[in-house]
Amino acid sequence: MECQVTRMKEQLEEVNNFIRINEFVGFDTETSSMLPFDGKLLAVQIGDFNTQYVIDVQTIGIDNLLPTLNLLKDTIVIGHNLKFDLKWMHYHGIKVDKVFDTFLAECLLTAGLDKENRHLSLQACVSNYFGVRLDKSIRSKIIYEGFSDRVIRYCAEDVKYLSLLRKRQLEKIEEWELEKVMDLENRFVKVLMLMEYYGPIIDTKKWTEVYTLVEKTLGKTVEQLNNIILHNDKLKKYINTEPQLGLEFPDFNNKVADKVLINWSSPIQKLKLLHGLDINVKSTEAKDLIRKRDKHPIVPLLIKYSKWNKLSTSFGRNFLKFIHPVTGRIHPDYFQIIASGRLSCSKPNLLNIPSHGDLAKKIQASFIPKYGNKIVGGDYSNFELRIISEFADEPLWTTTFAEDRDLHSELCTRIFNIREDQVNDPFPLKPDFTYRHVQKIIDFGLSYGMTEFKLGDLLDIPTREARKLINSFFITIPRVKKILSIWAYAATSRGYIRTAPPYRRIRWFPNWNEDLSKVEPYLISAIEREAKNTVPQGSNADCIKEALCLVQDEIDNNNYPVKIMLSIYDEIVTDCKKEFTEEWKVILETLMIKAAKEILKITPVKVNVTISDHWIKD
DNA sequence: CAATCGTGCGCG
DNA sequence: AAAGCGCGCACGATTG
């Protein structure tokens with residue numbers, strides 16, 4: 001084994017040669033922080049099984065290293081979770097063209113498996129594939145002890161196995177025909193890196209206005225709740241006799257109460273109180289409480305409290321802490337491949353920003369483009385239902401999409417036997433819902449395996465009425481029922497399900513067994529429901545990832561003044577120079593349609609594009 | 001006191 | 001009845 005530390009500029013020529021003569025190079029970095037904006041690049045490791053170069057970046061100087069790093073664009077860079085390393089490369093102006101990410105390969109090969117059966121870290125992969133143990137703890141000592149012998153050795157080990165790991169993973173990728181989706185994910189790393197690097201900008205003034213309003217409303221609600229128990233002899237016994245340590249009223253008035261009568265965030269305390277009022281609920285969630293809202297004035301207040309407390313804790317003043325002091329942007333952490341193939345997002349989660357209602361409008365309006373720019377957004381219309389339609393080949397659905405009519409309304413008229421102008425009339429069994437609203441619940445719910453119990457529960461109608469709705473739904477569109485059962489059967493007979501061609505991503509079902517008699521019936525049902533959902537949800541993910549790759553390539557190839565700001569499941573939000581918006585709007589729409597046509601071959605694609613001064617949902 | 005689980009709710 | 005799917009987060013309750 002040859003592993004060496006590179007400290008001198010002259011030594012870099014050897015590294016350069018290594019990069020030039022190799023089609024693939026293993027690549028890793030060590031840094032003093034997670035983001036390049038508040039730390040330094042300490043080491044760059046390049047190598048393969050036989051040779052590793054550990055480059056002491058600070059000693060050699062980043063400027064002296066740039067020519068070497070620039071050579072990377074002519075090779076295929078292999079790395080484990082390259083989203084991290086590429087962010088540092090981008091910071092230093094280094095472009096990397098082709099990558100193979102062993103972390104993403106492992107994510108793809110094990111999608112859907114649970115914690116026990118899924119080991120994604122480099123140590124775990126190297127251990128599982130080669131039986132070699134890497135010691136991560138020593139590597140992290142680089143900050144304290146610099147390039148000591150053992151640090152160098154372990155830095156080198158982090159690139160040593162990458163090319164072998166890729167080969168072993170490729171065997172499996174070929175075995176399971178995952179080449180196409182692996183390629184998609186490898187192309188997508190760069191895009192996701194940029195979405196973290198150029199994360200959204202928040203108008204703090206607008207955001208502050210919003211949370212001031214939220215805290216005021218929450219405070220009032222707490223006050224009203226407290227007044228109810230203070231003036232009701234029956235309820236006084238539920239008041240906490242001791243101060244609830246660590247709990248305070250929101251100090252929206254700079255006033256902090258010294259004790260909390262009842263902790264309105266405690267389901268146990270709320271449940272006791274409700275039972276004391278002879279209100280029989282099994283939980284304190286809104287869905288249950290809403291049925292009892294007329295029993296006592298406290299019930300609607302409890303619903304209100306939960307809602308506003310959520311807004312206050314998740315989207316209140318804490319949210320502003322995520323604004324990076326140097327960049328002024330939010331730099332979230334995306335996870336590239338969850339079970340279905342979708343993204344997830346954390347610190348903060350930008351995929352669950354409120355978007356329904358007046359307050360949500362104000363929250364979204366706080367997401368603004370760079371000064372002088374505009375937001376150009378595009379979202380797919382009914383993508384998941386179009387996926388089902390594509391494979392069900394259901395005449396009613398295909399003609400509705402072909403004629404660009406509203407699917408929910410269309411189905412509504414058939415299933416409830418009403419005219420088109422009646423779809424927004426109240427639904428007789430539950431008058432606060434319209435027919436179309438009910439239909440929407442049915443369309444999504446039933447497509448993913450909802451039973452009459454849940455539907456009855458959701459619509460607050462008897463189970464037998466729900467059963468009738470389900471029956472007429474599937475009688476009206478029998479081919480949808482058929483394709484759903486085909487997907488369910490595929491999953492239970494094989495133990496996995498695939499998304500639509502050409503990507504054909506796999507999701508595994510860890511509870512499955514070849515001998516189905518060994519699988520509990522309820523687990524079989526769960527696999528069936530998950531499979532029914534994975535095809536449309538995962539195919540949608542494949543599509544939006546392809547679209548995002550096309551969009552970023554277009555931006556890069558033409559130097560367009562555009563940044564991808566957010567992507568929420570079926571929506572792409574971009575930050576675009578004002579003068580370019582009209583032109584960009586057309587390009588964005590075209591590329592999103594182009595991506596979708598990879599999957600939807602006979603079903604029309606519809607994309608809605610908007611230009612605005614801030615994030616908005618149309 | 002930290003780790004873990006459950007509840008409830010935000011999004012598509 | 002574990003009887004739509006996919007997530008992350010805040011908070012309370014429980015555990016060791």
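All heavy atoms count here, side chains included; hydrogens, waters and symmetry mates do not. The chains referred to below are lettered A, B, ... by the order of the sequence lines, with proteins before strands, and numbering in each begins at 1.
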Evaluate side-chain contact (heavy atoms from CB on, under 4.5 Å) for A:Y569 paired with A:F383, printing each intermediate quantity in order. CA-CA 10 Å; A:Y569 307 114; A:F383 195 89; over 6 Å; no
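- Residues A:F367 and A:H614 have side chains not in contact (no heavy-atom distance under 4.5 Å, counting atoms from C-beta outward).
- Atom CG of A:L385 is separated from atom C1' of B:dG12 by 12 Å (rounded to the nearest Å).
- Summarising the geometry, the separation between CD1 on A:I572 and C1' on B:dG12 is reported as 15 Å, rounded to the nearest angstrom.
- Spacing of P atoms, C:dA1 relative to B:dC9, comes out at 23 Å, to the nearest Å.
- Residues passing the salt bridge (Lys or Arg N to Asp or Glu O under 4.0 Å) test with A:E209, sequence neighbours excluded: none.
- The nucleotide whose nearest atom lies closest to any side-chain atom of A:S265 is, among C:dC7, C:dG12, C:dA3, C:dG12.
- Every residue two or more places apart in sequence or in another chain that forms a side chain to side chain contact (heavy atoms under 4.5 Å, CB included) with A:T534 is listed here: A:I497, A:R507.
- Defined by atom type and a distance below 3.5 Å, a donor-acceptor pair is missing between the side-chain atoms of A:E530 and A:W487.
- Atom CG of A:N540 is separated from atom C1' of C:dC7 by 14 Å (rounded to the nearest Å).
- Across residues 517-539 of chain A, A:Y522, A:R529, A:E530, A:N533, A:Q537 each have a non-hydrogen atom less than 4.0 Å from an atom of DNA chain C (numbered order).
- Taking the side chain of A:L458 as heavy atoms from C-beta on, and the options B:dG12, C:dG8, C:dG4, the nearest nucleotide is C:dG4.
- Note on A:N352: every side-chain N or O is 4.0 Å or more away from OP1 and OP2 of B:dG12.
- With a 6.0 Å cutoff to the six-membered ring centre and a 45° limit on the axis angle, A:K430 counts as a cation-pi contact of A:F433.
- Note on the helix from B:dC1-C:dG16 to B:dG12-C:dC5: terminal axis deviation equals 10°, with five pairs used at each end and the result rounded to 10°.
- A cation-pi arrangement is present between A:K481 and A:F474, with the terminal nitrogen or guanidinium carbon under 6.0 Å from the aromatic centre and inside a 45° cone about the axis.
- Between A:F444 and A:H408, the ring planes lie tilted relative to each other; the angle falls in the 30° to 60° range.
- We find that CD of A:E452 is positioned 8 Å from C1' of C:dA3, with the value rounded to whole Å.
- Using cut-offs of 30° and 60° for the angle between ring planes, the A:Y435 and A:F416 rings count as tilted.
- Within 4.0 Å of A:L446, counting heavy atoms only, lies no atom of the nucleic acid at all.
- A:S266 has no side-chain polar atom (N or O) that falls below the 4.0 Å cut-off from OP1 or OP2 of C:dG12.
- Atom CH2 of A:W264 and atom P of C:dA13 are 14 Å apart (whole Å).
- Of the two residues contacting DNA chain C, namely A:R342 and A:S346, the nearest-nucleotide position lying further toward the 5' end is that of A:R342.
- For C:dA2 and B:dG6, the P atoms lie 14 Å apart once the distance is rounded to whole Å.
- A:Q123 contributes no side-chain N or O that, together with a main-chain N or O of A:K136, makes up a donor-acceptor pair within less than 3.5 Å.
- At whole-Å resolution of the value, CD1 in A:I363 and P in B:dC11 are 9 Å apart.
- Under the side chain to side chain contact (heavy atoms under 4.5 Å, CB included) criterion, A:S567 pairs with A:M195, A:I544, A:L548, A:I572, sequence neighbours left out.
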Can A:L302 and A:T284 be said to form a side-chain contact (heavy atoms from CB on, under 4.5 Å), step by step? CA-CA 8 Å; A:L302 288 174; A:T284 59; over 6 Å; no
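- By the 6.0 Å and 45° rule, A:R529 does not stack over the aromatic ring of A:Y448.
- The nucleotide whose nearest atom lies closest to any side-chain atom of A:K307 is, among C:dC7, C:dA13, B:dG10, B:dG10.
- Side-chain proximity of A:I338 to the nucleotides C:dG6, C:dA3, B:dG12 is greatest for C:dG6.
- Between A:W308 atom CH2 and B:dG10 atom P the separation is 11 Å, expressed in whole Å.
- Comparing C:dA10, B:dG12, C:dG4 by their nearest atom to the side chain of A:T313 picks out C:dA10.
- Counting non-hydrogen atoms under 4.0 angstrom, A:I441 reaches nothing in the nucleic acid.
- The listed nucleotides are B:dG10, C:dA3, C:dG6; the one nearest the side chain of A:P354 is B:dG10.
- Here C:dG4 presents its P atom at 9 Å from CD1 of A:I470, a figure rounded to the nearest Å.
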Quick tally for nucleotides 1-8 of chain B: nucleotides whose base has a protein heavy atom under 4.0 Å get B, sugar-phosphate-only ones S, the rest -, giving ------SB
